[in-house]
Participant: 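Structure in structure tokens, see below.
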Amino acid sequence: MSALPARHDRPAATRLRAMQLDDLPRVLDIEARCYSHPWTRGNFIDSLAAGYLAEVLWATDAGADDALVGYFVAMVGVDELHLLNLTVAPRWQRLGHAQALLDALEQHCRERAAPTLLLEVRQGNERARQVYRRRGFAEIGLRRGYYPAGHGRREDAVVMSLAVPALPT
């Protein structure tokens, strides 16, 4: 998640759907604006080809063209969903869209009977860590040198976990 300020004063009507190859130009534009080391087109293509869970959130009342608000990519495991990328476009941040994407991820966990949602986040990304902590994620570990940080350096990743209750039977 990025720490850039929002430019809207209200949430838009949105719809969530599976990510498609046609979405990648807009997804890559957001990646480039949000991260010093963005995912590449190849990263997204490989994720889609591997069958990872990938969805995009679109604003449906953003004018003549729908606007890409954000997206996520997650890997389905045996007893977990592992969030690999969750990003909200800078102009749509601080409006609850990250929470909507997390809602969808929790629902996917329930549908798959996966009791845990895991993720890594840059240790220095305090804003994202706060979002996840408010959501109920616990910091459970550290991956040393996980992220590239420029000039040959690496940044540690904080591993976070959320227990997702099962659907009532």
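Keep in mind that what you see is a predicted model, and the values were worked out from it rather than measured. Starting from 1, each residue takes its place in the sequence as its number.
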Participant: Working to the nearest 0.5 Å, report the span between CG of Leu81 and CE of Met75.
Facilitator: 9.0 Å

Participant: Check whether any side-chain heavy atom of Leu68 sits under 4.5 Å from a side-chain heavy atom of Val27, and report yes or no.
Facilitator: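 Contact flag for Leu68/Val27 side chains = yes.
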
Participant: Closest approach of Thr87 and Leu101, non-hydrogen atoms and distance?
Facilitator: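 Looking at all heavy atoms of both residues, the closest pair is O-CD1, 4.1 Å.
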
Participant: Working to the nearest 0.5 angstrom, can you tell me the gap between Tyr52 OH and Leu84 CG?
Facilitator: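 Going from OH on Tyr52 over to CG on Leu84, the span is 6.5 Å.
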
Participant: Do Gln107 and Leu16 have side chains that get closer than 4.5 Å, going by heavy atoms?
Facilitator: no

Participant: If you round to the nearest 0.5 Å, how far is NE2 of His97 from CH2 of Trp92?
Facilitator: 6.0 Å

Participant: If I compare all heavy atoms of Val56 with all of Ala18, which pair ends up nearest, and what's the gap?
Facilitator: CG2-O, 4.1 Å

Participant: Check whether any side-chain heavy atom of Cys34 sits under 4.5 Å from a side-chain heavy atom of Pro90, and report yes or no.
Facilitator: yes

Participant: So if you build clusters from Ile, Leu, Val, Met, Phe, Trp, Tyr with side-chain heavy-atom gaps below 4.5 Å, do Leu118 and Val76 land together?
Facilitator: no

Participant: Quick one: are Met19 and Leu24 in side-chain contact, heavy atoms under 4.5 Å?
Facilitator: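 Sidechains of Leu24 and Met19: in contact.
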
Participant: Should Tyr147 and Phe72 be counted in the same cluster of Ile, Leu, Val, Met, Phe, Trp and Tyr side chains packed under 4.5 Å apart?
Facilitator: no

Participant: To the nearest 0.5 Å, what is the distance between CD (Gln130) and CZ (Arg134)?
Facilitator: 6.0 Å

Participant: Quick one: does Gln123's side chain get under 4.5 Å of Tyr146's, heavy atoms only?
Facilitator: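 Heavy-atom side-chain distance check fails, nothing below 4.5 Å.
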
Participant: Can you name the closest pair of heavy atoms from Leu21 and Pro25 and give their distance?
Facilitator: O-CD, 4.0 Å

Participant: Indicate yes or no: at least one non-hydrogen side-chain atom of Val158 is less than 4.5 angstrom from one of Phe137.
Facilitator: no

Participant: Judged by atom type as modelled, is there a donor-acceptor pair below 3.5 Å linking the side chain of Asp79 to the main-chain atoms of Ala114?
Facilitator: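 Side chain of Asp79 to backbone of Ala114, a donor-acceptor pair under 3.5 Å: no, none is there.
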
Participant: Determine, stepwise, if the pair Asn43 / Glu31 fulfils side-chain hydrogen bond (donor to acceptor under 3.5 Å, both in side chains).
Facilitator: CA-CA 12 Å; Asn43 294 136; Glu31 279 286 303; over 6 Å; no

Participant: Search all heavy atoms of Ala98 against all heavy atoms of Leu86 and return the closest pair with its distance.
Facilitator: CB-CD2, 4.2 Å

Participant: If we only count heavy atoms from C-beta on, is the Arg94 to Arg127 side-chain gap below 4.5 Å?
Facilitator: yes

Participant: Are Asp23 and Trp58 packed together at the side-chain level, in the sense that at least one heavy-atom pair is separated by less than 4.5 angstrom?
Facilitator: yes

Participant: Is there a side-chain contact (heavy atoms from CB on, under 4.5 Å) between Arg144 and Leu142 once you walk through the steps?
Facilitator: CA-CA 6 Å; Arg144 300 235 179 254; Leu142 193 67; 3.1 Å; yes

Participant: Considering non-hydrogen atoms only, spot the tightest contact between Ala149 and Arg154 and give its length.
Facilitator: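 Minimum heavy-atom contact is CB-C, 3.9 Å.
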
Participant: Got a donor-acceptor contact below 3.5 angstrom from the Glu80 side chain to the Thr116 backbone?
Facilitator: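 It does not hold such a pair.
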
Participant: Can you tell me how far apart CZ (Arg110) and CG (Leu117) are? Round to the nearest 0.5 Å.
Facilitator: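 Answer rounded to 0.5 Å: 10.0 Å.
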
Participant: Which heavy atom of Val164 sits nearest to which heavy atom of Glu106, and what is that distance?
Facilitator: CG1-O, 3.8 Å

Participant: Do you reckon Leu105 sits in the same ILVMFWY cluster as Val159, going by side-chain contacts under 4.5 Å, direct or chained?
Facilitator: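 No.
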
Participant: Quick one: sort the Tyr71 and Phe44 rings into parallel, tilted or perpendicular, breaks at 30° and 60°.
Facilitator: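 Plane angle over 60°, so perpendicular.
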
Participant: Using a 6.0 Å cut-off, check whether atom CZ of Arg17 has over 12 heavy atoms from anything other than its own residue.
Facilitator: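 More than 12 heavy atoms, drawn from other residues, nucleotides or ligands, come within 6.0 Å of this atom.
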
Participant: Do Arg122 and His37 pass the side-chain contact (heavy atoms from CB on, under 4.5 Å) test, and can you show the C-alpha distance, the side-chain angles, and the key distance before you say yes or no?
Facilitator: CA-CA 11 Å; Arg122 285 182 183 271; His37 295 83; 3.8 Å; yes

Participant: Please round to the nearest 0.5 Å and tell me the distance separating atom CG of Asn125 and atom CD of Glu155.
Facilitator: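 Interatomic distance, Asn125 CG to Glu155 CD, rounded to 0.5 Å: 8.0 Å.
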
